[in-house]
Amino acid sequence: GKQLKGLKIQCGGFDIMDVAVNCPNLVSLIIQKECPFLNVSSRTRHERIISNKVLFPCLQHLEITCSFPKSCFGLIISHAPCLKSIKVFEMPGLRKETFEDWCCHLQNLETLIIFRAPEINREAIDVILDSCPSLQKLGDFHSFDLRRPNDMKKLQQKIREEGWKLALIDSQSAHSDEKDFNKLLSLHWSH
């Protein structure tokens, strides 16, 4: 796996640490249909091998088309300093505190699309905007928790005042599904 630059995984039952250890030169990673797990004993075993190493040193593009556990996502982004693009179909439980922990690792991030993330509120978006200086695309705002009437207007005003060139992704549909998300993906590999 050391020669792999791109990997598409469509099966369940794999440990994300095995991918990290065995595929250190990945530039693009696609995880479809089934999500991985993070085996604590595997992590302990691998930590001896990889102590003080960045797990995904070359990873730039991450696309996930299934509901993804925060623990696996956190492991990936905290060990992938070159990430430029993250597109995730669904990630439950994302809050402001989560992004406060993660954003220090996302200095090169240009695209962050989480298609279903109902817990992301205005405060979490502010953390993302303040912590990711290279960000150019952000969304999907339709799935975020922007219940207060002026949240979106305040956000747009902040973007204008700061002079950011930031495209906001908003599906505008409560019935958006995986087909709509697939239109946003850029890594399309055949089997």
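In this chain, residues are counted from 1 in sequence order.
- Residues Ala124 and Phe99 come closest through the heavy atom pair CB-CD1, 4.1 Å.
- The main-chain N or O of Lys2 is found under 3.5 Å from a side-chain atom of Asn25 such that the two form a donor-acceptor pair.
- Contact annotation: the side chain of Glu90 never approaches that of Phe68 to less than 4.5 Å [non-hydrogen atoms, C-beta and beyond].
- Across all their heavy atoms, Phe89 and Cys66 have their closest contact at CB-N, 4.1 Å.
- The distance from the NZ atom of Lys5 to the CD atom of Gln60 is 10.0 Å, given to the nearest 0.5 Å.
- Using a distance-only test at 3.5 Å, with no hydrogens or angles considered, a donor-acceptor pair links the side chain of Ser143 to the main chain of Phe115.
- At a threshold of 4.5 Å between non-hydrogen side-chain atoms, the residues Val27 and Leu59 do not count as touching.
- Interatomic distance, CD of Gln157 versus CZ of Arg160, reported as 6.5 Å (0.5 Å rounding).
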### Test log, rule side chain to side chain contact (heavy atoms under 4.5 Å, CB included), inputs Ile125 and Phe144
CA-CA 9 Å; Ile125 293 168; Phe144 295 170; 3.7 Å; yes
### Query
Checking side chain to side chain contact (heavy atoms under 4.5 Å, CB included) for the pair Ile9/Ile30: CA distance, chi angles, key distance, verdict?
CA-CA 6 Å; Ile9 301 172; Ile30 300 173; over 6 Å; no
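- Residues Gln156 and Leu168 are in side-chain contact: their nearest non-hydrogen atoms beyond the backbone lie under 4.5 Å apart.
- Within a 6.0 Å sphere centred on NZ of Lys70, other residues, nucleotides and ligands contribute more than 12 heavy atoms.
- In terms of the salt bridge (Lys or Arg N to Asp or Glu O under 4.0 Å) criterion, Glu110 has no residue partners (sequence neighbours excluded).
- Contact check for Met17 versus Leu75: side-chain heavy atoms found under the 4.5 Å cut-off.
- At distances below 3.5 Å, not a single donor-acceptor pair connects side-chain atoms of Asn150 with backbone N or O atoms of Lys153.
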Please list, one pair per line, the donor and acceptor atoms closer than 3.5 Å that link side chains of residues 128-136 to other protein atoms, with sequence neighbours excluded.
residue	atom	partner	partner atom	Å
Asp130	OD1	Lys158	NZ	3.1
Ser131	OG	Val127	O	2.8
Ser134	OG	Gln107	O	3.2

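- Val54 and His79 get closest at one heavy-atom pair: CG1-O, 3.1 Å.
- When atom types are taken as modelled, the side chain of Thr98 and the backbone of Leu94 share no donor-acceptor pair closer than 3.5 angstrom.
- Annotation: side chain of Ile86 is not in contact with side chain of Thr111 (no heavy-atom distance under 4.5 Å).
- In terms of heavy-atom proximity, His142 sits nearest to Asp170 at CB-OD1, 3.0 Å.
- Taking the side chain as every heavy atom from C-beta outward, Leu62 and Phe56 never approach each other to under 4.5 Å.
- How far SG of Cys82 is from CG of Leu109: 12.0 Å, rounded to the nearest 0.5 Å.
- Here Cys103 contributes atom SG and Leu112 contributes atom CG; the two are 8.0 Å apart, rounded to the nearest 0.5 Å.
- When every heavy atom of Pro118 is checked against every heavy atom of Arg116, the shortest pair comes out as CD-C, 3.8 Å.
- Using a 4.5 Å heavy-atom threshold, the side chains of Asp18 and Phe14 count as separate.
- Legend: residues meeting side-chain hydrogen bond (donor to acceptor under 3.5 Å, both in side chains) with Glu162, ordered by chain and number and at least two apart, are absent.
- Here Leu7 contributes atom CG and Cys23 contributes atom SG; the two are 5.5 Å apart, rounded to the nearest 0.5 Å.
- With contacts defined as side-chain heavy-atom distances shorter than 4.5 Å, the pair Leu146/Asn121 does not qualify.
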### Query
Can Val19 and Leu26 be said to form a side chain to side chain contact (heavy atoms under 4.5 Å, CB included), step by step?
CA-CA 9 Å; Val19 174; Leu26 282 181; 3.9 Å; yes
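- Between Ile113 and Asp140, the closest heavy-atom pair is CG2-N, 4.5 Å.
- Atoms CD and NZ, from Glu63 and Lys87 in turn, are 5.0 Å apart once rounded to the nearest 0.5 Å.
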